[in-house]
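Heads up: the structure comes next, in structure tokens.
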There are 2 protein chains.
Amino acid sequence: MIVTNIENQELTIENKIEKVFDMEQCENVLCPIKDILAHLGDKWSIFTILALGQVKVARFNELKKQVAGISQRMLTVTLRSLEENGLVSRQLFPEIPPRVEYTLTSLGHSLLGQMLQLAEWATSHRDEIDEARKKFQEKKLVF
Amino acid sequence: MIVTNIENQELTIENKIEKVFDMEQCENVLCPIKDILAHLGDKWSIFTILALGQVKVARFNELKKQVAGISQRMLTVTLRSLEENGLVSRQLFPEIPPRVEYTLTSLGHSLLGQMLQLAEWATSHRDEIDEARKKFQEKKLVF
DNA sequence: CGGTATCCCGTGTGATACTG
DNA sequence: CAGTATCACACGGGATACCG
């Protein structure tokens, strides 16, 4: 029974892969996966989403402190991109001085869940990766 | 009861975020998440892993066909990086003509699961993202 | 405060040619 | 077949200065 379960799971993985590759066959940039991953895969998007997941609501400069290391320019660019893709909502209060508040949309919050899983994977397999790197370096030294 | 469940889940997410941000406080590149995501976040790594998940074992040029669009150079670079991080194993057969076989390691297979979830997320939220983009374009046209 | 505009450099990546 | 080497170049992204 257990074996059957494993086999079933393997089949599911295979099916998922097939689906992914079916979608990928579109040649141009319209391929959704390529496209979406290209937008959300860069580190600034990831960290901005994580930051907004933590503080819920943030103004521009608050966010800039949170993300730590990001330049003003890249924060602007990243936020625009996230807004364009419906992950972040931007609310402007026409006061003086101007105030702008950023929050995650429900879609953004949904993506946050994925990001967290990836982050969890990264941390939980950190040691294995470190070890693999050391082995690789040793191999290189042999030659 | 349902409300309690949701609250508990929210708390878990918050806790996860805190953990992630705790780890992120290291300033240099050694921060595991930044580091690992930087290596595995780029599209060629993702597609190569997906391809290897599909074909299980592949030689260099087979893989090149599978990934579709990748240059010889980038496939080499990507495979070296994946090998260095313990996700892909490379077996060289010293024949003439030479033969090299690439497969996913168990670590790579584990990451494949994550990739698939991300891909699934991307496809299942494709419409929402498209709609958000259209709205954003309309907004821009107003000004 | 919350941007935009401009400049500029380093790196990532494709194309091409060569090798064991 | 499975790469390496080299060049060329677009683009990401930092620094700086200015605007509403």
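Chain letters run A, B, ... following the sequence lines, proteins first and then strands; every chain starts at 1.
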Find every protein N or O atom lying less than 3.5 Å from an N or O atom of nucleotides 17-20 of chain D, and list the pairs.
none

All N/O pairs under 3.5 Å across the protein-nucleotides 13-15 of chain D interface:
| from | atom 1 | to | atom 2 | distance (Å) |
| --- | --- | --- | --- | --- |
| D:dG13 | N7 | A:R73 | NH2 | 2.4 |
| D:dG14 | OP2 | A:S71 | OG | 2.8 |
| D:dG14 | O6 | A:R73 | NE | 3.4 |

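Considering only side-chain N and O atoms, A:R59 lies nowhere under 4.0 angstrom from the phosphate OP1 or OP2 of C:dC1. Checking the phosphate oxygens (OP1, OP2) of C:dG3, a side-chain nitrogen or oxygen of A:R90 falls inside 4.0 Å.
Listed by first and then second residue, the salt bridge (Lys or Arg N to Asp or Glu O under 4.0 Å) pairs involving residues 107-125 of chain B are A:K16-B:E120 (not counting sequence neighbours). Counting only residues at least two apart or on different chains, no salt bridge (Lys or Arg N to Asp or Glu O under 4.0 Å) pair has a member in residues 103-119 of chain A. Contacts classified as side-chain hydrogen bond (donor to acceptor under 3.5 Å, both in side chains) and involving residues 86-98 of chain B (residues at least two apart or in different chains) are given here: B:S89-B:T103, B:R90-B:Y102, B:E95-B:R99.
In this structure, A:E62 has no salt bridge (Lys or Arg N to Asp or Glu O under 4.0 Å) partners at least two apart in sequence or on a different chain. A search for side-chain contact (heavy atoms from CB on, under 4.5 Å) contacts involving B:Q117 returns A:Q114, A:Q117, B:Q114, not counting sequence neighbours. With sequence neighbours left out, the salt bridge (Lys or Arg N to Asp or Glu O under 4.0 Å) criterion links A:E131 to no other residue. Applying the ring pair (Phe, Tyr, Trp, His ring centres under 6.0 Å) rule to A:W121 yields the partners A:H125; only residues at least two apart in sequence or on another chain are considered.
No donor-acceptor contact under 3.5 angstrom links the side chains of B:Q54 and A:E14, judged on distance only.
In this structure, A:E128 does not pair ionically with A:R133, as no charged nitrogen and carboxylate oxygen lie closer than 4.0 Å.
Going from atom CG of B:L63 over to atom C1' of D:dG3 covers 14 Å, rounded to whole Å. If you measure from atom CZ of B:R99 to atom C1' of C:dG20, you get 18 Å, rounded to the nearest angstrom. Distance, B:I96 CD1 to D:dA2 C1': 13 Å, rounded to whole Å. Summarising the geometry, the separation between CG on A:N61 and C1' on C:dG3 is reported as 10 Å, rounded to the nearest angstrom. Straight-line distance from the CD atom of A:E95 to the P atom of C:dG3: 14 Å, rounded to whole Å. The separation between A:L92 atom CG and C:dG3 atom P is 8 Å, rounded to whole Å.
As judged by a 4.0 angstrom heavy-atom cut-off over every strand, A:Y102 is placed among residues touching the sugar-phosphate backbone only.
Side-chain proximity of B:R80 to the nucleotides C:dG2, D:dA2, D:dT4 is greatest for D:dT4.
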